[in-house]
Amino acid sequence: MCGIVGAASLRNVTPILLEGLKRLEYRGYDSAGIAVALAGQLQRERETGKVAELEAKLARREVKGQLGIAHTRWATHGKPSRYNAHPHMSNASVAVVHNGIIENHESLRSSLQQQGYTFHSETDTEVIAHLFDHHYRQAEAPDAEQRLLSAFRTTLSFLHGAYALGIIHIEHPESLLCARMGSPLVIGEGSEEHFIASDPLALLQVTDRFIYLEEGDHALVTRDACRIYEALGSDPRAEQARQSMPMTTTGQPAGSDPKAVLEWSEVQRPVVRYEHGDQVADKGEYRHFMLKEIHEQPRALKATLEGKVSDEGRLLTSILGPGADALLASVKQVQIVSCGTSYHAGLVARYWLEGLAGLPCAVEIASEFRYRHVVVPEGTLFVTISQSGETADTLAALRFAKTAGYLATLAICNVPGSSLVRESDLRLLTNAGPEIGVASTKAFTTQLAALLWLSVALGRERLGEERVASLMSDLAALPEQVERVLDLEPTIEALAARFASKHHTLFLGRGPHYPVAMEGALKLKEISYIHAEAYAAGELKHGPLALVDDDMPVVTVAPSDELLEKLKSNLQEVRARGGQLINFVCEHAGLEDGEGVHNLLLPKVADEVAPIVYSVPLQLLSYHVALVKGTDVDKPRNLAKSVTVE
Ligand code: HGA
């Protein structure tokens, strides 16, 4: 998704901004741009394609200054092109970078056009630049700084939708304005310099001290200071939840009226030290971040479990936050809400929550849940899952849930300072370390480990001490079991060659391995662009069997569990139609290679942890198929990491 970097310093900020953009490249983008203030001028450069192309352009035309903003764009409004790339400018005096979507951009655009503003792009963002210019010209204030802030606040009051913003103005060559509503933004503290970014990773080369803006905050940042203001008199989150509804209560689309006039008050936000080190730029010995992250899983799983189980095998639930024990004891059911890969983790967890904890569990995609009139049964724990903790739909679902009568909210997340974590009552951190590859791998398996731990924590009484201890030792054995699966990579690489000329694939599984198959199919389509569908194996003859012929690879997830015999019958149905079976199968399952049947034998593992272990070879399969296909593994086309727009 889009990335923002900004800097106010005594040194030339262009190299800092460019390095910041490079560090955000992993998120996926289509164009990049920069604007720097120098000697009464705003210099701007934009380019489609990679940041390296912008950098090459900047090598030909020197753009230097002590104040600047930069952006990588992932288009939502207007095609990827140089003229749609940010920063957007107004009257050569204002430059704006924006993440998010301005929902009332059409009505704002037409009223600005009526006032004489000419638009040079198709984006929603450009309205912000002109709106700011318009209000700056109109603003009356006792001093220059008040004028700047007043124009900014009036501009913000007209924006409906989601934004993280960075704005500079030609008459204020030391001031960087920023704001957050629905898209993340941090301020980085340096020594006599300050920065802004949509993700702290963009600034780790210059600082490890960050202030996370809260929803509705705006700030005036200079090299010496940053002043943050929060809105008083109206809850900006409730306001945002209201705006995210497509229609107002009168049935009219959200229009261009300003929000109720807000009072602002200066606020201190804590400075948080980033403690994961600066590992972002480094692929180490690996060819791709995705491969590195697949191989990091044993270590990541160990880190996920650290601090959650005592040496005697006792569950340390206090890690979830204050009052966790009493809360867990009163849970009667669970509602999980998430997107993409995290949704698949939730679907697997349903089997654990029902089977181990004996709790009814519903799992839903956040973008559907947030617009439904949900009925909340008493005692329901609301669980969100997100790698970044900034996934726009999941975050909006959480904010809605907080007003809907749930017992409590719990976030399962990889990023400690993220919005999801900060805004939930309880938190379960996966501690997988930064995930750079767009296709999620270690974030998924660590989410699964955290969810299994949570299911046991919720089912403690029911399961009894002995069963809890045995499940904890199954979890503790995971890093070593995953290590053994990683050793199978050469065999999986050989299997991948079979997909070279294929356009469609079916993935089959049963029980918790059905969502594992869904995740396997998602991974394959994300990075190899082969069309892949997952089915519960029992559904095969209700439709998808019609697709099977001798050109159709069918990937099955077949651990040795109580459903194995039923799955074997489904495999016969595929073979009888000439389908090519690629089975990820337990070494004790008694399946043998034969014509059109290729088995990858996996170690026997406990039933509960099998979904975690079996996810790993599917990741390796997708990775090696993508290599055979020659696609961009870490940055697949059209996709972005951390989906911060709705
Ligand atoms: N709506 C803006 C910014 C898009 C964005 O935040 N993507 O992640 C545009 O289309 O330029």
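All heavy atoms count here, side chains included; hydrogens, waters and symmetry mates do not. Atoms within a ligand are numbered from 1 in the order they appear, just like the ligands themselves.
Figure legend: R273 and F210 shown without cation-pi pairing, the cationic atom not lying both under 6.0 angstrom from the six-membered ring centre and within 45 degrees of its axis. Remark: K635 fails to qualify as a cation-pi partner of F289 under the 6.0 Å distance and 45° angle criteria applied to the six-membered ring.
Below 3.5 Å of separation, one finds an N or O of D124 facing an N or O of ligand 1. Considering both main-chain and side-chain atoms, W74 comes within under 3.5 Å of ligand 1 through a nitrogen or oxygen pair. Looking at A75 next to ligand 1, no N or O pair under 3.5 Å apart turns up. For a threshold of 3.5 Å applied to N or O pairs, the pair formed by R73 and ligand 1 contains at least one separation below that value. In terms of N/O distances under 3.5 Å, ligand 1 is not approached by N84.
Aromatic pair Y136/H172: centroids less than 6.0 angstrom apart. Ring-centre distance between H135 and F158: below the 6.0 Å cut-off.
Residues R372 and E368 are not paired through a salt bridge, judged by the lack of any N-O separation under 4.0 Å between the basic side chain and the carboxylate. Salt-bridge check for E423 with K402: failed, with every basic side-chain N at 4.0 Å or more from each acidic carboxylate O. Comment: K523 engages E526 in a salt bridge, judged by a side-chain N to carboxylate O separation of less than 4.0 angstrom.
Ranking protein heavy atoms by distance to atom 6 (O) of ligand 1, first place goes to G100 N, 2.7 Å.
Proximity of T125 to ligand 1, defined as any heavy-atom pair under 4.0 Å, is confined to the side chain (atoms from C-beta onward).
Less than 4.0 angstrom separates some heavy atom of N99 from each of these atoms of ligand 1: 6 (O). In the vicinity of C2, heavy-atom distances shorter than 4.0 Å reach the ligand 1 atoms 3 (C), 4 (C), 5 (C), 6 (O), 7 (N), 8 (O). Close approach to H98 involves these atoms of ligand 1, each under 4.0 Å from a residue heavy atom: 3 (C). Annotation for ligand 1: atoms under 4.0 Å from non-hydrogen atoms of H77 are 10 (O).
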Apply the test side chain to side chain contact (heavy atoms under 4.5 Å, CB included) to residues Y229 and R227: give CA-CA distance (whole Å), side-chain angles for both, the deciding distance (0.1 Å), then the verdict.
-> CA-CA 7 Å; Y229 301 90; R227 291 215 302 280; 3.0 Å; yes
